[in-house]
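Data first, discussion second: the structure below is written as structure tokens.
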Amino acid sequence: MKISKLLLATVAAFGMGGSASAADFNLRIHTLVKSPHPYNDMAAFLKEDIEAKSDGRIAVRIFDSGQLGQDPAVISEIGLGTIDMMISTTSNAVQQVPEYAIFTMPYIFTSMDDALAKVGPGTPIEAHFQKVYEERGLNMKLLALGASGTRNMSTAETVVNGPDDLKGLKMRTPPSPMDSKTWAAFGMLPVTVAWGELYAAMQTGVAQAMESSLPGYTGSKLYEVAPNLALTAHTIQVNHTSISNRTWNKLPEDLQKIVQASAIEANKLGVEKAKQYDDELVSELETKHGVKVTRPDTAAFIEVLAPIQTELAKELDLEDEYALVKAK
């Protein structure tokens with residue numbers, strides 16, 4: 001017996017998020033990553049918190065693991081209003097928000113707490129990027145910026161104990177000029193590869209080195225193709241929680257306040273989960289997955305990069321953003 005497409009769609013709607021038809025508003029949240037990952041923890045918090053505090057007027061459905069596409073395409077869909085919200089790293093948004101490249105500058109923050117203090121609610125950096133969204137006509141609203149873990153180096157074959165070990169390696173980067181120029185400073189050969197294609201790129205030798213958060217590395221099983229992990233902690237990953245203007249403008253003011261407050265709380269949770277994962281995952285990667293972990297002296301990496309930070313900011317037209325991050 002054939003089942004109608006309408007029936008299948010109805011069953012899917014209830015299976016993915018409960019009684020969507022009973023709510024006044026339905027929000028679809030995108031994340032690119034697989035669990036365990038702070039972004040998925042944040043999305044789960046948003047769902048529970050928003051649905052509870054809105055008394056069921058808002059129903060939230062989560063689409064993790066890139067089900068709705070890669071980040072650049074999702075940002076475009078959010079601008080159109082066909083996807084409602086996203087939680088992701090700012091480095092994957094630099095095509096539409098070039099100013100976000102400042103957050104991929106290595107060793108610009110001293111810790112996740114330092115990053116959250118500088119980019120969190122009510123900060124000049126948050127206000128700056130809210131204005132950038134408007135000026136660039138993205139048709140989406142920045143709800144919150146947060147910090148979601150350290151990013152570390154991993155390689156297919158080379159064991160990394162210091163900067164000299166990086167020379168000549170093909171380094172995967174997202175579509176970010178900052179990343180490309182940073183790793184080129186170590187004598188690496190940058191190659192742009194989308195996150196969803198990274199496993200295959202490392203497996204086939206298109207890339208020989210990569211960098212990522214520990215949850216991203218673990219959740220996507222990248223340890224299978226890049227089993228050498230160097231804890232360089234070169235970047236504190238900054239994430240953004242953004243919503244479509246079209247979706248936001250449909251919400252009455254009382255529900256806007258609930259969504260905004262929930263996004264801020266979700267980012268606090270993201271920081272705590274990121275700390276937890278960074279502590280737990282290294283041990284798990286070593287004992288369960290046979291990953292070879294090295295702990296290089298980060299001072300050697302900082303020595304290479306510190307002299308070029310101001311040059312990079314000037315070259316990439318990020319002087320305003322650099323000044324905001326460095327402000328006391």
Side-chain angles (χ1 to χ4, degrees), residues 30-37 39-40 63-76 88-95 101 104 106 148-235 237 277 281-282 284-294 296 301:
H30 155 85
T31 77
L32 189 62
V33 293
K34 298 177 182 179
S35 296
H37 199 288
Y39 298 166
N40 292 338
F63 294 83
D64 63 8
S65 308
Q67 294 178 64
L68 300 181
Q70 298 295 304
D71 279 358
V74 169
I75 291 173
S76 297
S88 197
T89 174
T90 53
S91 63
N92 285 347
V94 294
Q95 289 180 343
T104 63
S148 49
T150 59
R151 294 182 73 88
N152 298 275
M153 172 79 64
S154 53
T155 60
E157 297 179 359
T158 304
V159 176
V160 175
N161 288 296
D164 289 345
D165 297 320
L166 304 180
K167 291 178 181 177
L169 294 180
K170 290 183 285 185
M171 175 66 178
R172 176 267 171 178
T173 69
S176 164
M178 178 71 76
D179 285 74
S180 296
K181 291 179 180 295
T182 293
W183 299 114
F186 290 100
M188 304 184 84
L189 307 173
V191 290
T192 300
V193 177
W195 177 263
E197 301 167 1
L198 180 52
Y199 188 102
M202 294 297 297
Q203 187 176 44
T204 58
V206 170
Q208 299 165 305
M210 54 163 281
E211 55 87 47
S212 67
S213 67
L214 291 172
Y217 176 74
T218 306
S220 294
K221 297 186 177 180
L222 289 161
Y223 52 79
E224 294 178 347
V225 291
N228 301 291
L229 174 66
L231 298 179
T232 51
H234 51 269
T235 304
Q237 184 164 277
Y277 290 141
L281 289 176
V282 172
E284 178 182 318
L285 287 163
E286 285 183 298
T287 58
K288 291 185 179 181
H289 303 296
V291 172
K292 182 175 179 58
V293 177
T294 57
F301 291 85

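For the numbers below, each heavy atom of this structure counts, side chains included, while hydrogens, waters and symmetry mates do not. None of these values were measured; they are calculated from a predicted model.
Taking OG1 of Thr104 as the start and NE2 of His234 as the end, the distance is 9.5 Å to the nearest 0.5 Å. For the atom pair NE2 of His37 and CG of Leu214, the computed distance is 9.5 Å after rounding to the nearest 0.5 Å. Between Leu281 atom CG and Tyr217 atom OH the span is 11.0 Å, to the nearest 0.5 Å. To the nearest 0.5 Å, the span separating OG1 on Thr192 from CD on Glu197 amounts to 11.0 Å. If you take CD on Glu211 and OG1 on Thr182, they are separated by 9.5 Å, rounding to the nearest 0.5 Å.
With sequence neighbours excluded, the residues satisfying side chain to side chain donor-acceptor pair (under 3.5 Å) with Asp71 are His30, Ser88, Asn92. Under the side chain to side chain contact (heavy atoms under 4.5 Å, CB included) criterion, Lys34 pairs with Ser65, sequence neighbours left out.
Annotation for Val293 and Glu286: closest pair CG2-CG, 3.3 Å, computed over non-hydrogen atoms. The two residues Ala207 and Arg172 come nearest to each other via the heavy atoms CB-CB, 3.9 Å. The minimum heavy-atom distance linking Leu166 with Met153 is given by the pair CD2-CE, 4.0 Å. What you find for Leu231 and Pro296 is that their closest heavy atoms are N-CD, 3.9 Å. Of all the heavy atoms in Pro215 and Tyr277, the pair that sits closest is CG-CB, 3.7 Å. The minimum heavy-atom distance linking Pro36 with Gly219 is given by the pair CD-CA, 4.5 Å.
Under the 3.5 Å distance criterion, with hydrogens and angles disregarded, no donor-acceptor pair is assigned to the side chains of Asn161 and Thr294. Side-chain atoms of Tyr39 and Ser148 form a donor-acceptor pair, as typed in the model, at a separation below 3.5 Å. Of the N and O atoms on the side chains of Asn40 and Thr31, at least one donor lies less than 3.5 Å from an acceptor on the other residue.
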Residues Thr158, Asp165; criterion side chain to side chain donor-acceptor pair (under 3.5 Å); working and verdict: CA-CA 7 Å; Thr158 304; Asp165 297 320; over 6 Å; no
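Note on ring orientation: taking the six-membered ring where Trp is involved, the planes of Phe301 and Phe186 are tilted (angle from 30° to 60°).
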